[in-house]
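Working notes, beginning with the structure itself.
The chains referred to below are lettered A, B, ... by the order of the sequence lines, with proteins before strands, and numbering in each begins at 1. Please read all numbers here as calculations on a predicted model, not as lab measurements.
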Amino acid sequence: MKERKKIFILLLILATGISWMGINNKYGKPKPVPFIVPKGWPQPVYDFSKNPLTEEGIALGRKLFYDGRLSKDGNFSCGACHQQFGAFDSYDHSLSHGYNNSLTTRNAPGLFNLAWQKEFMWDGGINHLDLQPLAPITNENEMAETIENVIAKLNADQEYRQMFKAAFGDELINTQRMGKAISQFELQLVSSNSKYDKVMRGEAAFILPEQLGYDIFKKKCVSCHAEPLFTDFSYRNTGLPVDKALNDPGRMKITGKAEDSLKFKVPSLRNVGMTFPYGHDGRFFSLMSVFEHYRKNMVVGPVTDTLLRNKLALSNFEIGQLTAFLHTLTDTAFLKDPRFAQPGYEILSKPPADIHQ
Amino acid sequence: MKKSIALTCMPTILIMMGLLLTPQTGSSQKKLSLSFHHRVGNETLVLDNSYTNILGENIVVRKFKYYLSNFSITDQSGNNHFLPVDYFLVDEADSASKNISLNVPTLEIKSINFLLGVDSIRNVSGIQTGALDPLLGMFWTWNSGYIMAKLEGTSDSSHIAGQAFTYHIGGFKGETNTNRYITLTLPQKNKPQNNIHITTDINHWFKSKSEIRIAQTPVCHTPGALAVKIADNYSTMFSVNADQ
């Protein structure tokens with residue numbers, strides 16, 4: 001009997017201890033942030049269970065996104081080429097500027113709705129959002145830094161050590177945590193409040209040209225630029241002749257297959273009014289030049305998309321209406337959302353007067 | 001009252017018992033260490049020294065690294081015992097990395113089996129840590145996937161800049177898969193099997209199932225047919241030292 005009592009008391013102490021530890025752990029735990037899927041949208045493909053969103057994780061990711069120290073000379077943050085006022089593309093730049101007066105070889109795409117994207121880059125070479133930042137960080141003509149150096153720089157900064165602790169529970173800074181934090185910020189970049197979205201939700205109405213444009217869009221564009229994300233994430237050859245200086249094989253670079261020659265990912269048309277220039281190398285400086293390509297300038301080859309074998313017939317009238325519709329995809333709330341701006345620069349989220357400073 | 005306390009404590013007790021018992025479940029374990037000895041033919045590999053490879057081309061090796069993972073052992077009755085999945089980067093420049101310590105069941109081991117490379121799951125699951133941290137330079141950031149094995153150096157036969165040869169072998173999808181399952185049968189001498197010495201012969205990169213001449217093929221940096229050919233070649237590079 002005495003033995004049993006002893007065991008009992010011991011167990012009680014144990015249980016109390018464990019519950020105390022449980023309560024104690026609640027303090028200083030990162031605050032969860034729900035990911036809201038816009039009504040009518042498909043479920044995201046990003047696995048949030050492996051990287052639960054938290055306020056602290058998002059704040060850390062935002063700081064990393066805008067920190068030039070991720071580059072070799074401190075000049076090139078992620079945000080340097082992914083500017084909010086251009087829906088996080090390189091505003092008004094065909095190619096982006098990189099370390100030591102270099103240029104990239106492709107047009108920086110806008111960053112939004114990344115939770116729905118399985119593969120990244122124009123050629124789909126990167127298979128996970130967390131991995132994506134490692135490519136520009138290490139690329140000689142982008143940020144030109146080594147991951148090792150970036151981790152060392154972050155480790156040397158007490159503020160980062162504290163922020164990593166707040167986001168992940170301890171001060172360990174490694175590649176995985178850096179990638180996860182940047183993903184947490186980037187996953188917040190959901191663009192779902194354009195006029196088009198409001199019309200779909202019954203909160204607004206298209207004016208006539210917009211409606212006519214939408215009807216034409218649904219006939220001639222939607223099979224690749226599928227709603228609601230305005231891309232089907234496929235890779236297609238749209239008859240773009242190769243640029244001899246860039247010599248970019250597109251998707252073939254990743255798969256090694258001839259049938260993937262000059263195929264590039266179908267870009268989303270959301271915020272298309274702000275993401276000029278267009279095309280994987282930014283060769284089209286206006287929507288008009290894109291339309292001219294599809295109706296006239298395409299070079300139809302053996303692997304050109306079957307939907308475009310006869311090019312894309314578009315009248316001047318149709319181009320006008322389509323343009324009106326495409327501008328309804330501009331999400332000004334997203335472009336000016338202070339949560340996405342560089343910390344401390346929340347009100348500057350509009351194009352500077354001179355884009356070359 | 002007492003009963004209800006007992007009931008409340010029950011999950012705690014079960015969890016604690018579980019925690020205490022987990023490591024001891026199953027058969028008993030022993031330590032098995034694998035020591036890798038890098039060679040060019042009969043000569044011990046020393047980085048930056050000059051050698052003549054099996055095809056008569058001279059080589060100076062600057063980097064030699066490869067991933068090993070998914071170890072299992074086969075006992076004398078032919079049963080396979082999978083060890084907890086772990087990843088090791090063996091690097092000639094890091095002598096500690098050439099000794100791998102494994103916890104294996106206390107059994108007479110017939111053969112050791114492992115994957116030379118990194119299984120596809122780890123290639124598609126975002127950023128990994130430890131031996132798989134991309135900062136170790138064994139990960140392609142532009143075409144996601146691990147470099148399973150890397151051999152870099154210079155050779156008079158090379159016609160590219162710096163007379164370099166660089167073989168970064170990777171690819172995990174379908175036909176371009178460069179992961180290779182390796183089985184090493186241990187010599188049966190009734191000796192205690194605690195430390196297995198394994199020779200890794202670089203010559204097999206150049207000549208095994210096919211011939212890779214630096215003069216013709218100084219570079220392999222992408223998944224594809226060439227990478228597969230080189231992986232087939234180096235898949236025979238391991239042998240267990242007979243006189244251990």
**Fill in**
Most heavy-atom pairs under 4.5 Å with chain B, out of A/Gln132, A/Glu148, A/Met121, A/Glu119, belong to A/Glu148
**Message:** Below 4.5 Å, heavy-atom pairs only: which of B/Gly137, B/Pro134, B/Gly224 has the largest tally toward chain A?
**Reply:** B/Pro134
**Heavy-atom pairs under 4.5 Å with chain A, option from B/Pro223, B/Ala225, B/Ser144 with the top count** = B/Ser144
**Options A/Asn174, A/Leu129, A/Ile147, ranked by heavy-atom pairs under 4.5 Å with chain B, top entry** = A/Ile147
**Prompt:** Does a donor on one side chain and an acceptor on the other come within less than 3.5 Å for A/Lys118 and A/Asn127?
**Reply:** no
**Prompt:** Quick one: do the A/Asn141 and A/Thr104 side chains pair a donor with an acceptor below 3.5 Å?
**Reply:** no
**Asked** Which bit of A/Thr138 is near chain B, if near means a heavy-atom gap under 4.5 Å: side chain, backbone, both or neither?
**Response** side chain
**Prompt:** In terms of the angle between their ring planes, are A/Phe185 and A/Phe65 parallel, tilted or perpendicular, with boundaries placed at 30° and 60°?
**Reply:** tilted
**Message:** Ring-plane angle category for A/Tyr46 and A/Phe48, please: parallel below 30°, perpendicular beyond 60°, tilted otherwise.
**Reply:** perpendicular
**Asked** Going by the angle between their ring planes, with limits at 30° and 60°, are A/Phe264 and A/Trp122 parallel, tilted or perpendicular?
**Response** perpendicular
**Asked** Relative to chain A, which segment of B/Ser125 carries a heavy atom at a distance below 4.5 Å: side chain, backbone, both, or neither?
**Response** backbone
**Message:** Under the criterion salt bridge (charged side-chain N to carboxylate O under 4.0 Å, His left out), I'd like the reasoning laid out for A/Asp130 against A/Lys50: C-alpha separation, chi angles, the key distance, then a yes or no.
**Reply:** CA-CA 11 Å; A/Asp130 297 359; A/Lys50 300 266 162 58; over 6 Å; no
**Request:** Under 4.5 Å heavy-atom distance to chain B, tell me which part of A/Ile151 shows up: side chain, backbone, both or neither.
**Result:** side chain
